Structures are given as structure tokens and as C-alpha cells.
Asker: 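One structure follows; several queries about it will come next.
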Amino acid sequence: MRALRVVGLHEDGKSLVLEDPASRTRFLLPADERLRAAARGDIARLGQIEIELESQMRPREIQARIRAGESVEQVASSAGVSAQRVERFAYPVLLERSRTAELAQSAHPVREDGPDVQTLGEVIAYAFGVRGHDYNQAAWDAWRGDDGKWVVVLRWKAGRSDNRAHWSFSPGAHGGTVHALDENAEVLLNPNAYVAPRTVRALAPARESVVQPTLDAVEEPRAIEGPADGDDDTREIPRVPGSDGDSDDVEQPRTKAKKSHPIVPSWEDVLLGVRTQRG
């Protein structure tokens, strides 16, 4: 890099005349605001001037958008400049957002009967414990809404889902107060209303129904064998009431029996189809 020396002010009064001592070549340098900032050593002002020249977005607008919740990358993309140039203006605003989110955790949730005794951070930590979430993995942030009030957001991951809960934060005495802005925020403020998932009770296998014997399924009584001597003494077998085809006019079958003590089946034996044992 060759060094140049200042010859003087150009006749237009807006530029400096520089000269290369070796070649005696002269150069014209505009005496603009960047030159004056460089002469003062004001690096921040130089960066601001570069952004103003490269983009229509002024530093104040950049800070306003960061304060409203946009990230450095989003603003840099909108402004058409690098993220490094936006960071120098976004840094103090990002600190403000982080500090506000920290203060909101010490605020008290407003309930139907007034502010809660516990702080927002204590209630949320308990709610995460009830649900089995890792509170250490949750991230707090804050930004200023269009109405000028601060909005606090909590981000956490449960399984594969990304979740968010929002509260409005009003700084004040004893930490200030917060109000839920969405359903997730309301649920987290009422951890005792959490209902554990119901366990499905295993049903016992259906038992086979017991088929009661009917008269049609009862085995017909077997004839009781009499003595082999050919004695023709007979005795009538009791008739099954209600059997198909029963009639008082139909003659009932007769069978041979012993003369002395004939064995007559009981009603239960006939109903259940049990063979009567001989004595």
C-alpha cells in the first residue's frame, strides 16, 4: 500500500488534494462525512454511514425492528447488508430484551382474585415438573409490542413439537405483573389443572357362555335291563314333562324290571341324561 501526502484543499472546497511522493501523481479525495469520522477515529459512525449508504434502512429503524422482536439475520436480510454490520446496532437492544425477559420471570401472574404470591418463574418451573419437561432447556425472550408494552415469550420443545407461550409484562413494584396472552400461557399458569393421561385398562377375555341343557338335548332314558330269566313283570318309566310329541293319549314305553326292587330313574337323572346304576 502506497502512502500519500496531503497537498491541500481543492478549489471546489469539498475535496482534498493528495500526492504520491514517488511518482508525483496527484489524487482527489472527497472531504465527506466518512473522511471526517475517520479523521476523528469514530469507528461506530463509520459503520453507521456504511449502512446508510448501502441500505435505505437507518440505524434507528434497525434498532426499532430488533426491539420489536426481529432477529439480526432477519433485519440484515431486509436491509441487504451483512449481519455483522447490523449487530453493532442490535447489540444494546438485544441486551435490553434479555434483561426484560429476566425481570418478567420475577413478576407475579394476575389471577381472578389478584396477583399470585408466587412469581412467574416459580409457577412455570413447577408446571414443567408436573408435565415432565426439562425447564433448563426452555428459553425466555421479550420484545416491545405495537402498543408499547413488553411481551414475554417462553419457548420449549416437547417431543418433536416446538411450543410457545406469551404473556404481557407490566414492570412495577414487587416485580410487576404478567397476564397470559394465549392458551399455552394459561395452561402453564394453572399446573394443578393438569390431568394425567388415562391408562387403558385391559379387558378380560370374554368367557364362553355356558349353555344350559334343554329338554331337547337331554339323552333319552335307556331301558333298564331286567333279569335274564325271561320274567315278564314290567313297570312304566316316568314320562319327561314338556317333551316334544308328548301326549297323555300316547302309550308310554314299558320295560322289564326286577320283581323284588325295580330301579326307577329319578327326575334329575332323566333331565341330565345320567345312566342309573343297578343295585
Side-chain angles (χ1 to χ4, degrees), residues 10 12-16 28-110 119-121 124 137-157 161-173 175-186 188:
H10 191 264
D12 62 3
K14 297 180 180 180
S15 302
L16 295 177
L28 195 63
L29 177 64
D32 55 11
E33 189 177 356
R34 285 186 296 178
L35 179 60
R36 291 190 290 270
R40 295 193 305 267
D42 191 349
I43 299 177
R45 178 56 183 162
L46 279 173
Q48 180 177 352
I49 294 172
E50 290 179 3
I51 293 178
E52 292 176 354
L53 293 176
E54 295 180 7
S55 172
Q56 298 299 323
M57 189 179 299
R58 300 183 63 83
R60 181 174 297 180
E61 183 181 355
I62 291 176
Q63 292 184 337
R65 295 182 65 166
I66 294 293
R67 187 175 287 106
E70 293 190 39
S71 65
V72 172
E73 291 74 17
Q74 290 173 330
V75 175
S77 178
S78 300
V81 297
S82 65
Q84 290 75 11
R85 292 182 178 179
V86 175
E87 283 178 350
R88 67 183 67 179
F89 302 104
Y91 182 72
V93 182
L94 292 174
L95 287 179
E96 181 185 13
R97 287 171 51 177
S98 177
R99 178 58 178 167
T100 303
E102 183 179 355
L103 292 175
Q105 297 177 54
S106 299
H108 300 271
V110 176
T119 64
L120 176 63
I124 300 303
Q137 300 299 323
W140 290 91
D141 195 6
W143 63 78
R144 192 181 292 275
D146 297 336
D147 56 356
K149 296 182 179 180
W150 283 100
V151 176
V152 183
V153 60
L154 176 65
R155 298 182 178 93
W156 75 97
K157 200 175 188 69
S161 62
D162 294 324
N163 303 282
R164 295 183 181 185
H166 300 82
W167 296 269
S168 63
F169 172 48
S170 300
T177 57
V178 290
H179 292 79
L181 295 178
D182 53 33
E183 183 178 358
N184 284 341
E186 293 178 355
L188 289 175

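Nothing here was measured: the structure is a model prediction, and the numbers come from that model.
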Asker: Between the main-chain N or O of Q74 and the side-chain N or O of S78, is there a donor-acceptor pair closer than 3.5 Å?
Answerer: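 Side chain of S78 to backbone of Q74: a pair is present.
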Asker: Could you give the distance from CG (L103) to CG (L120), rounded to the nearest 0.5 Å?
Answerer: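 Going from CG on L103 over to CG on L120, the span is 12.0 Å.
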Asker: Are any non-hydrogen side-chain atoms of I124 and W156 less than 4.5 angstrom apart?
Answerer: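 I124 vs W156: side chains apart.
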Asker: Write down the atom of F169, the atom of G175, and the distance for their closest heavy-atom approach.
Answerer: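 Scanning both residues, the minimum pair turns out to be CE1-O, 3.6 Å.
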Asker: So, taking the atom named CD in E61 and the one named CZ in F89, what distance separates them when rounded to the nearest 0.5 Å?
Answerer: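 Reported to 0.5 Å precision, the distance equals 12.5 Å.
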Asker: Nearest heavy-atom pair of A90 and V72: which atoms, and what distance?
Answerer: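 Here A90 and V72 meet closest at CB-CG2, 3.9 Å.
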Asker: Could you tell me if the side chain of P92 sits less than 4.5 Å from the side chain of Q63, heavy atoms only?
Answerer: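 When only atoms from C-beta onward are counted, P92 and Q63 do touch, with a gap below 4.5 Å.
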Asker: State, to 0.1 Å, how close D141 and A101 come at their nearest heavy-atom pair, and which atoms those are.
Answerer: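 Reported closest heavy-atom pair: C-CB, 3.7 Å.
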Asker: Nearest 0.5 Å please: distance from the CZ atom of R144 over to the CD1 atom of I66.
Answerer: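 It is 14.5 Å, given to the nearest 0.5 Å.
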Asker: If you round to the nearest 0.5 Å, how far is NE2 of H166 from CZ of R155?
Answerer: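 One finds 6.5 Å between CZ of R155 and NE2 of H166.
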Asker: How long is the straight-line distance from NZ of K157 back to CG of D162, given to the nearest 0.5 Å?
Answerer: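 Atom-to-atom, D162:CG and K157:NZ are 3.5 Å apart.
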Asker: Which heavy atom in R85 sits nearest to a heavy atom in R88, and how many Å separate them?
Answerer: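 Where R85 meets R88 most closely, the heavy atoms are O-CG, 3.3 Å.
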Asker: Taking only Lys NZ, Arg NE, NH1 and NH2, and the carboxylate oxygens of Asp or Glu, determine whether R99 and E96 approach each other closer than 4.0 Å.
Answerer: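 No, no charged N to carboxylate O under 4.0 Å.
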Asker: Count the heavy atoms of every other residue, nucleotide or ligand shown that sit under 6.0 Å from CG of D146, and state whether that count exceeds 12.
Answerer: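 No.
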Asker: Does a sphere of radius 6.0 Å around NZ in K149 hold more than 12 heavy atoms from other residues, nucleotides or ligands, not counting ones at 6.0 Å or beyond?
Answerer: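 Not buried by this count: 12 neighbours or fewer within 6.0 Å.
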Asker: Measuring from E73:CD to E87:CD, what's the distance to the nearest 0.5 Å?
Answerer: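 Those atoms lie 7.5 Å apart.
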Asker: Answer yes or no: is there a donor N or O on one side and an acceptor on the other, between the side chain of R97 and the main chain of A142, under 3.5 Å?
Answerer: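 Looks like yes, one N/O pair under 3.5 Å.
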Asker: Grab the two heavy atoms, one from W167 and one from A180, that are nearest each other, plus how far apart they are.
Answerer: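 Closest approach of W167 to A180, heavy atoms only: CD1-CA, 3.5 Å.
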Asker: Side chains of L154 and R164: closer than 4.5 Å at any heavy-atom pair?
Answerer: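 With C-beta onward as the side chain, the pair stays apart.
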Asker: So, for V75 and R65, which heavy atoms are closest and what is the spacing to 0.1 Å?
Answerer: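 Where V75 meets R65 most closely, the heavy atoms are CG2-CB, 4.1 Å.
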